[in-house]
Protein chains: 2
Amino acid sequence: MVDPAGQPRRARSDATRQRILDTAREAFARQGYTGTTITDIARPLGITTAALYYHFASKADILDSLLAEPLAAYARLIEDATAHRLDAPELLAAYLDFMAETRELIPVVAADPAIGAILDERLPRTPQQMTAAIIAALTGPHPSRAKTIRAHAALAAVKEATLAAMSDTDTLRPRDRAEILAAALRALDGP
Amino acid sequence: MVDPAGQPRRARSDATRQRILDTAREAFARQGYTGTTITDIARPLGITTAALYYHFASKADILDSLLAEPLAAYARLIEDATAHRLDAPELLAAYLDFMAETRELIPVVAADPAIGAILDERLPRTPQQMTAAIIAALTGPHPSRAKTIRAHAALAAVKEATLAAMSDTDTLRPRDRAEILAAALRALDGP
DNA sequence: GTCTATATTGTGATAGAC
DNA sequence: GTCTATCACAATATAGAC
């Protein structure tokens with residue numbers, strides 16, 4: 001059960017699979033999902049596209065593998081929001097932490113309309129419905145138009161400021177995190 | 001100079017050209033630029049793709065025609081920002097009005113990495129540099145890290161809240177506009 | 001100004017050898 | 001597990017008739 005390279009075969013295969021995922025994530029982040037060809041993924045790895053299809057059933061399957069864990073985390077966030085287990089500051093903080101962890105894939109998913117179809121099959125609700133659920137949790141039981149607008153502002157502030165703050169660091173600095181949350185809460189709550 | 005339909009030929013051609021642009025804008029907004037085929041544009045109009053190529057040199061040429069005016073307006077905004085002709089509230093207001101006018105095309109441009117290449121040829125600076133210029137104008141002469149983060153938050157709040165407010169109306173309500181600007185300024189300026 | 005027909009290229013994906 | 005070779009298809013774009 002050990003091949004000439006001295007590694008168990010299963011481990012070797014898993015390692016290749018992981019390298020494909022890493023390369024794919026990078027390529028998707030840079031060129032988008034539709035804009036990335038399977039050749040773009042295979043070539044940097046020094047393998048052919050045929051070899052790639054030994055590890056994954058399709059291009060969409062690669063994306064699925066990349067998104068599985070983040071999507072599950074996001075679904076949990078939505079569930080917490082709709083069940084009112086989090087107040088507004090806690091919800092914004094949870095949303096921020098999710099964005100921080102998933103920062104590489106966020107633009108990929110947001111960017112490509114072709115991903116919408118894939119997402120619809122993986123999620124209990126549409127992305128728009130899921131955003132609406134967070135907005136609703138932020139506005140509380142009496143959602144005036146003004147409050148809804150402020151909720152959109154706060155959510156967008158958290159998302160973009162987090163991505164901006166992490167453009168030069170791999171881990172979000174606690175001071176930055178606090179600054180972002182304070183700014184979002186000011187946008188949400190009024191003077 | 002009048003064809004059987006009773007219209008001057010030039011006017012008829014211009015009208016067709018305009019219908020192509022309208023259909024293309026709608027399709028791009030729905031499916032993205034890369035995700036839209038020229039057949040997607042031609043079929044709803046009841047013409048063939050060959051006919052479409054009489055009016056436009058390429059698919060990219062259609063996008064160029066759609067973006068020409070918005071890009072010029074955005075370049076003027078950047079120029080005003082870098083020349084410090086606008087203070088922070090005025091700059092956010094100008095940014096908001098630009099987003100409101102261009103709302104259909106914003107997701108298209110933001111979404112598709114393939115558009116980046118086209119944009120690089122049309123703009124004096126990269127989109128990232130242009131955003132950075134607005135951020136710099138918002139932070140003022142002494143850009144602390146905290147202030148920069150707040151500027152990102154404010155800008156994102158304006159952008160997304162404006163798109164959200166206009167999702168159900170064609171013209172932005174003055175009350176909504178004021179609400180968005182107030183929220184963004186709170187995010188920017190601190191308590 | 002629009003058509004039919006076609007050239008050309010790029011892409012996701014598969015078959016079968018090693 | 002990776003290769004060579006190839007397929008099927010879709011997409012942009014062009015040629016030339018009407």
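A, B, ... follow the sequence lines: proteins, then strands. Residue 1 opens every chain.
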>> Can you tell whether the side chains of D170(B) and R103(B) come within less than 4.0 Å, N to carboxylate O?
In response: yes

Give every donor-acceptor pair under 3.5 Å between a side-chain atom in residues 180-187 of chain B and any protein atom, sequence neighbours left out.
{"unit_1": "R186(B)", "atom_1": "NE", "unit_2": "R186(A)", "atom_2": "O", "d": "2.6"}
{"unit_1": "R186(B)", "atom_1": "NH2", "unit_2": "R186(A)", "atom_2": "O", "d": "3.4"}
{"unit_1": "R186(B)", "atom_1": "NH2", "unit_2": "A187(A)", "atom_2": "O", "d": "2.9"}

> Which nucleotide sits closest to the side chain of K59(B): dA15(C), dA13(D), dT4(C)?
Replying inline: dA13(D)

>> Once you apply a heavy-atom cut-off of 4.0 Å, does S58(A) come out as touching a base, just sugar-phosphate, or nothing?
In response: sugar-phosphate

>> Need one value for G46(B): base, sugar-phosphate or nothing, where a base atom within 4.0 Å counts as base even if backbone is also close, heavy atoms only.
In response: sugar-phosphate

> To the nearest angstrom, how far is R43(B) atom CZ from dT2(C) atom P?
Replying inline: 18 Å

>> Let's see if you can work this out: which of dT14(D), dA5(D), dT2(C) has an atom nearest to the side-chain heavy atoms of A50(B)?
In response: dT14(D)

> Would you say T16(B) reaches dT2(C)'s phosphate, i.e. side-chain N/O to OP1/OP2 under 4.0 Å?
Replying inline: yes

> Do you know which of R150(A), K147(A), R145(A) makes salt bridge (charged side-chain N to carboxylate O under 4.0 Å, His left out) with D176(B)?
Replying inline: R145(A)

> Between F56(A) (CZ) and dT11(C) (P), how many Å, whole number?
Replying inline: 20 Å

> Using a cut-off of 4.0 Å on non-hydrogen atoms, how would the nucleic acid contact of T34(A) be classed: base, sugar-phosphate, or nothing?
Replying inline: nothing

>> Just the rounded figure in Å: distance from P of dA13(C) to NE2 of H55(A).
In response: 16 Å

> Between CZ of R122(A) and CG of L71(A), what distance do you get to the nearest 0.5 Å?
Replying inline: 9.0 Å

> Does S13(B) make a side-chain N or O approach to OP1 or OP2 of dG1(C) shorter than 4.0 Å?
Replying inline: yes

>> Applying a strict under-4.5 Å side-chain criterion to I, L, V, M, F, W and Y, I'd like to know whether I106(A) and V109(B) cluster together.
In response: no

>> With a 4.0 Å limit, can you tell me whether Y53(A) has a side-chain N or O closer than that to the phosphate oxygens OP1/OP2 of dA13(C)?
In response: yes

> Taking CD1 from I38(B) and P from dA11(D), how many angstroms apart are they, rounded to a whole number?
Replying inline: 9 Å

>> In this structure, how many angstroms lie between the P atom of dT11(C) and the CG atom of L52(A), rounded?
In response: 15 Å

>> Rounded to whole Å, please give me the gap between CG in L45(B) and P in dG1(C).
In response: 15 Å

>> Less than 4.0 angstrom between a side-chain N/O of Y54(A) and OP1 or OP2 of dG1(D), yes or no?
In response: yes

> When all nucleic acid strands are considered with a 4.0 Å heavy-atom cut-off, which category describes T37(B): base, sugar-phosphate, or nothing?
Replying inline: sugar-phosphate

